[in-house]
Amino acid sequence: MQTGLFPPLRAGQKDFSVSSATYTRNAIVLGLLSAVGPFAIDMYLPALPSISGDLKASTAATQMTLTVFFFSFGLCQIVYGPLSDVVGRKPPLYFGLALFIIGSIGCALAPGVEWLIAARVVQGIGAAAGMVIPRAVIRDLHTGHEATQLMSLVMLVFSVSPILAPITGSALIVPFGWRAVFVAVAIAAVLAFALILVFLPETRLHHQRLEASVGSVLCGFGELLTNSRFMGLAFIGGFGIASFFAFLASSSFIYIDHYGLTPTQYSLGFSVNAFGFIGASQLAATLGRRFGLSRVVITAAACCTAFMLLLLGVTLAGVDSLAVLVVLLFMGFAFLGLVIPTTMVLALDDHGPIAGIASSLAGTLQMVTGGAVIALASLFFDGKPLPMVAIIATCAVCALLLSLGTLRRNAPAPQLAE
């Protein structure tokens, strides 16, 4: 049900009914676009120790290149979303990708860690467009279970990043050095630019766009910030993402320095987590139809929390096993594949006329939460798994508590299969 200051877009709205081929093509294009930013994270994770040595930087300073990316990546979504509601979806995408390419070139040429940190800020500002606008495009095209299915397909493409990016990064780092990673992501951004130009339609038509005024944008933000359901859903996904960000910030040092893996072995170990996420995310729409989207989120958050608390318990008990760490993280992160796309669909469902603003606010809150968790992980990092595991478990508990508080009253009864 649509509520709030902005009426539903119905009269004169273009029919975006699409064939299965077009549906799949949209999923691929939007997924690749959404993956550009994460590729800039995952591809260079195996290089963090070598970057630290090459640039003669501390571990904290090297992790800062990750932290500033997340903050700029998150904060700038707050700009792209409203802008896409006013001028259309495609122009901000072109601008963001161009900025991302410039930042990537700057990273490749960085003579010191300070330069690299600055270039990562520029890169993050550009990458924000590729994260927030595809979600608004999905809301332009679909709602409910259809939106969940498309969001899950986008997540399928998006989730290839944690599998292929670290392996690709290692393949580039060994012969060419860590700078080759940023050349590669610049090329990927050029490809994404071309795909948008040729294949992605403009889904925010002129009669649907908001008035280009500060007042209309502020009204949109005001409606969302005072909507407890929207805010709860945003932070459920935010703490879910933050738990994975804590893993991103510390895993390469733990796997390579603590457990003695090579960068390639680390890449394979890191990629394991993505397989569970991918498989689970593809079940989100089907389970949502059967049990209701709210019930899916609550159950998945509870299962994720159970595995993360189990991992924390065995770690506190003195178990320091790479196999145990990998298996329990795999199980916990698999359930995030149900939580993250589903909460975003639920958050946007009631806010179609301001889908860009809603997507940007949810994305900003989630990325800033993730960035804060990365900073916290860096502060307590001691080279061992316990600080990382404790932060991941805490994030999972927060996501579960928010799920219960936000969705339990609205969780529908299971529907009997016909």
Exercise for the section: Carefully, step by step, assess Phe221 and Ile78 under the rule side chain to side chain contact (heavy atoms under 4.5 Å, CB included). Expected result: CA-CA 10 Å; Phe221 280 121; Ile78 210 75; 3.5 Å; yes
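- In terms of heavy atoms, Ala129 sits closest to Pro134 at O-CD, 3.7 Å.
- No side-chain donor-acceptor contact under 3.5 Å links Thr65 and Arg120.
- Distance CD/Gln366 to CD1/Ile236: 10.0 Å, rounded to 0.5 Å.
- Using modelled atom types, no side-chain atom of Trp115 and backbone atom of Cys107 make a donor-acceptor pair closer than 3.5 Å.
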Exercise for the section: For side chain to side chain contact (heavy atoms under 4.5 Å, CB included), just list the numbers for Leu407 and Leu233, CA-CA rounded to whole Å, side-chain angles, deciding distance to a tenth of an Å, and then say yes or no. Expected result: CA-CA 8 Å; Leu407 298 173; Leu233 287 164; 3.8 Å; yes
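- Rounding to the nearest 0.5 angstrom, the gap separating the CG atom in Leu197 from the CG atom in Leu93 is 11.5 Å.
- To the nearest 0.5 Å, atoms CG (Leu346) and CZ (Arg229) are separated by 5.5 Å.
- In plain terms, the two heavy atoms of Gly238 and Thr369 that are nearest each other are O-CG2, 4.0 Å.
- Atom CD in Glu223 sits 10.0 Å away from atom CZ in Phe230 (nearest 0.5 Å).
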Practice task
Dump the intermediate steps for side chain to side chain donor-acceptor pair (under 3.5 Å) on Gln123 and Ser104, then the final yes or no.
Solution key: CA-CA 6 Å; Gln123 199 182 39; Ser104 299; 2.9 Å; yes
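- The main-chain N or O of Leu361 is never found under 3.5 Å from a side-chain atom of Gln77 such that the two would form a donor-acceptor pair.
- Shown here is Lys90, whose NZ atom has more than 12 heavy atoms of other residues, nucleotides or ligands within 6.0 Å.
- Here the side chains of Val397 and Leu309 are in contact, with some heavy-atom distance below 4.5 Å.
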Exercise for the section: Might you work through the side chain to side chain contact (heavy atoms under 4.5 Å, CB included) test for Phe381 and Ile254, ending with a clear yes or no? Expected result: CA-CA 10 Å; Phe381 182 73; Ile254 292 172; 3.8 Å; yes
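- Taking 4.5 Å as the limit, some side-chain heavy atom of Ile392 sits within range of a side-chain heavy atom of Phe333.
- Minimum interatomic distance between Gly240 and Ala399 (heavy atoms only, all atoms of both residues): N-CB, 4.3 Å.
- In Met64, the CE atom is not crowded: 12 or fewer heavy atoms of neighbouring residues, nucleotides or ligands sit closer than 6.0 Å.
- The two residues Leu224 and Ala358 have their closest heavy-atom pair at CD1-CA, 3.5 Å.
- Between Tyr94 and Phe193, the ring planes lie tilted relative to each other; the angle falls in the 30° to 60° range.
- One N or O on the side chain of Thr299 and one on the backbone of Arg295 form a donor-acceptor pair closer than 3.5 Å.
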Handout entry: Leu316/Leu386 under side chain to side chain contact (heavy atoms under 4.5 Å, CB included): CA gap, chis, key distance, verdict
Key = CA-CA 7 Å; Leu316 287 171; Leu386 180 57; 3.7 Å; yes
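- The closest side-chain heavy-atom distance from Tyr80 to Phe95 is below 4.5 Å.
- Interatomic distance, CG of Leu328 versus CG of Leu312, reported as 11.0 Å (0.5 Å rounding).
- For the pair Leu97/Ile196, a side-chain contact is recorded, criterion being any heavy-atom separation below 4.5 Å from C-beta on.
- Here the closest heavy-atom approach between residue Met388 and residue Ala246 is recorded as CG-O, 3.8 Å.
- Contact between Thr315 and Leu311 at its shortest, heavy atoms only, is OG1-O, 2.7 Å.
- Using a 4.5 Å heavy-atom cutoff, the side chains of Ile187 and Ile101 are not in contact.
- Ring geometry, Tyr259 versus Tyr255: the interplanar angle exceeds 60°, so the pair is classed perpendicular (tilted spans 30 to 60°).
- Not a single donor-acceptor pair under 3.5 Å links the side chain of Ser52 to the backbone N or O of Thr62.
- The main-chain N or O of Val339 is never found under 3.5 Å from a side-chain atom of Thr342 such that the two would form a donor-acceptor pair.
- With contacts defined as side-chain heavy-atom distances shorter than 4.5 Å, the pair Leu322/Leu261 qualifies.
- Contact of the Leu55 side chain with the Glu114 side chain is not registered, since no non-hydrogen atoms from C-beta on lie closer than 4.5 Å.
- Once rounded to the nearest 0.5 Å, the distance linking OG1 of Thr305 with CG of Leu400 reads 4.5 Å.
- Phe100 places a side-chain heavy atom less than 4.5 Å from the side chain of Val185.
- A tilted orientation is assigned to the rings of Phe247 and Phe244, their planes being inclined by 30° to 60°.
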